[in-house]
Amino acid sequence: MSVTAPTLPDARGRFGRFGGRYVPEILIPALDELAIAWSDLRDDAAFRGELDALLRDYVGRPSPLTFASRLSDALGYRIWLKREDLNHTGAHKINNTLGQVLLARRLGKRRIIAETGAGMHGVATATASALFGLPCVVYMGEEDTVRQAPNVARMQLLGAEVVTVTSGSRTLKDAMNEAMRDWAASVRETHYVIGSVAGPHPFPVLVREFQRVIGEETRSQLRDVEGRDPDAVVACVGGGSNAMGIFAAFVGAPDVRLIGVEAGGRGDGPGEHCRSLTLGEPGVLHGSLSYLLQDEDGQVLPTHSISAGLDYPGVGPEHSYLKESGRAEYVAATDAQALEGFQALARNEGILPALEPAHAIGWLLTRPLPDGSLVVVNVSGRGDKDLETVRTALGVDAVATP
Ligand SMILES: *Cc1c(COP(=O)(O)O)cnc(C)c1O
């Protein structure tokens with residue numbers, strides 16, 4: 001099979017039949033402007049130089065590749081961990097928000113907006129906006145502002161305005177609608193920072209390219225220590241940006257298995273999980289065609305995951321393409337498996353991962369790969385934000401008495 005994913009999407013923003021631009025006409029000029037700016041700047045030495053310096057001096061890149069020695073012994077693999085948890089702000093999202101805010105500045109935009117569910121993307125956007133002195137407005141559903149109160153405080157301390165959205169289900173979906181409405185009304189001076197490889201073209205390719213640094217570093221770091229590419233690369237999939245970022249460097253290496261782990265939640269019933277790729281059907285959400293959790297009438301279904309960052313009914317269009325072309329494989333780990341993954345990494349390696357990448361570890365604990373496999377797991381973020389959730393789920397007693 002010939003895989004040309006590195007050169008996708010096509011001129012219309014399609015990854016095979018997925019992707020595209022299902023948005024109000026008023027936004028098309030802004031999307032065109034963004035696509036053109038990106039194609040001008042992606043190889044521009046000054047732009048690259050500025051972004052690379054920020055990634056090095058502000059984010060702390062390259063992030064280490066850590067050998068998980070005890071976990072490897074326990075499972076019979078050689079497991080390396082890509083440490084996005086060690087980035088400034090504690091996850092991979094900053095790679096994208098810095099890139100987009102830098103791009104927005106080049107476009108002469110004077111205002112940044114974003115939407116956020118769990119708050120992590122809002123915090124990363126507020127961080128990048130503060131760094132450049134740009135005003136930042138973050139839309140957040142009322143439900144989420146209550147559930148994620150510490151992230152609301154973080155955004156406010158970083159100087160962002162958090163707008164509480166009280167329409168609809170008062171969650172991420174409604175916050176996205178409000179952000180789109182704002183953008184349509186203010187597109188000349190405003191850049192909308194989308195947080196994953198989702199949304200209308202060019203966002204899926206833009207975000208992938210800003211996250212590609214994860215995969216490029218991993219490939220060269222692993223060659224230094226192991227002298228070869230891995231047998232498998234494993235990453236959790238919410239919208240799909242940390243997975244697409246690490247996959248991007250290996251997509252053209254057909255011997256490397258690319259494995260995305262979705263949130264299996266509490267079970268396979270509607271509303272119990274976030275398995276868009278493994279249980280969904282193609283449909284349109286947030287401006288692009290991709291796999292989606294929907295009912296027979298095409299209404300978006302509710303979702304559940306123990307990890308807020310994976311709690312999304314859709315997925316980026318390139319993942320849908322990689323699934324249908326067979327280049328990547330998609331699996332799921334339940335809430336319970338994620339908690340096992342969390343504990344396994346904590347107790348064997350001294351690392352408290354975010355609950356999102358804990359799904360990838362949890363899946364690996366089922367020993368699904370051949371003995372002796374050389375595996376890289378993308379540890380997309382750190383677990384500080386999830387301590388309360390983990391303590392509650394495990395029961396405080398279980399935490400107090402090991
Ligand atoms: C937001 C988030 C995710 C999910 O987003 P993707 O776009 O699928 O990467 C995963 N891990 C962490 C730590 C996050 O903050």
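Only heavy atoms go into these numbers, but all of them, side chains included; no hydrogens, no water, no symmetry mates. Given the structure is predicted, the values throughout are model-derived calculations rather than measurements. Ligands are counted one by one from 1 in listed order, and the atoms in each one are counted from 1 as well.
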Student: Could you list the donor-acceptor pairs under 3.5 angstrom formed by side chains in residues 129-142, with sequence neighbours left out?
Tutor:
unit_1, atom_1, unit_2, atom_2, d
S129, OG, T125, O, 2.8
Y139, OH, D182, OD2, 2.6
E142, OE1, R170, NH1, 3.3

Student: Does the N or O separation between G239 and ligand 1 drop below 3.5 Å for any pair?
Tutor: yes
Student: Is there a polar contact, in the sense of an N or O pair closer than 3.5 Å, between K385 and ligand 1?
Tutor: no
Student: Can you find an N or O of G240 that's nearer than 3.5 Å to an N or O of ligand 1?
Tutor: yes
Student: Indicate yes or no: does an N/O atom of M120 lie under 3.5 Å from an N/O atom of ligand 1?
Tutor: no
Student: Hey, is K93 touching ligand 1 through its side chain, its backbone, both or neither, going by heavy atoms under 4.0 Å?
Tutor: side chain
Student: I need the atoms of ligand 1 closer than 4.0 Å to a non-hydrogen atom of G309, numbered in the order shown.
Tutor: 4 (C)
Student: Give the C-alpha distance, both sets of side-chain angles, the deciding distance and a yes or no for side chain to side chain donor-acceptor pair (under 3.5 Å) between T145 and T164.
Tutor: CA-CA 7 Å; T145 60; T164 303; 4.6 Å; no
Student: Using a strict 4.0 Å threshold on nitrogen-to-oxygen distance, state whether K82 and D85 make a salt bridge.
Tutor: no
Student: Examine R14 relative to Y321 and say whether NZ or CZ is less than 6.0 Å from the centre of the six-membered ring and inside a 45° cone about the ring axis.
Tutor: no
Student: Test: salt bridge (Lys or Arg N to Asp or Glu O under 4.0 Å). Region: residues 234-255. Which pairs qualify, not counting sequence neighbours?
Tutor: none
Student: H304 and D335: side chain to side chain donor-acceptor pair (under 3.5 Å), yes or no, with the steps?
Tutor: CA-CA 9 Å; H304 161 80; D335 288 354; 2.6 Å; yes
Student: By number and element, which atoms of ligand 1 are closer than 4.0 Å to a non-hydrogen atom of S241?
Tutor: 6 (P), 7 (O), 8 (O), 9 (O)
Student: Give the residue and atom name of whichever protein heavy atom lies nearest to atom 12 (C) of ligand 1, and the separation in Å to one decimal.
Tutor: S380 OG, 3.5 Å
Student: Quick test of your reading of the structure: of L310, V197, N242, whose heavy atom lies closest to atom 9 (O) of ligand 1?
Tutor: N242
Student: Check H92 against ligand 1 and report side chain, backbone, both or neither, counting heavy atoms closer than 4.0 Å.
Tutor: side chain
Student: Can you label the angle between the H88 ring and the Y58 ring as parallel, tilted or perpendicular, going by 30° and 60°?
Tutor: perpendicular
Student: Between E318 and R327 (salt bridge meaning N to carboxylate O under 4.0 Å), is one present in this structure?
Tutor: no
Student: Using a strict cut-off of 4.0 Å, indicate which atoms of ligand 1 neighbour a heavy atom of G381.
Tutor: 13 (C)
Student: Which atoms of ligand 1 sit under 4.0 Å from any heavy atom of G238?
Tutor: 8 (O)
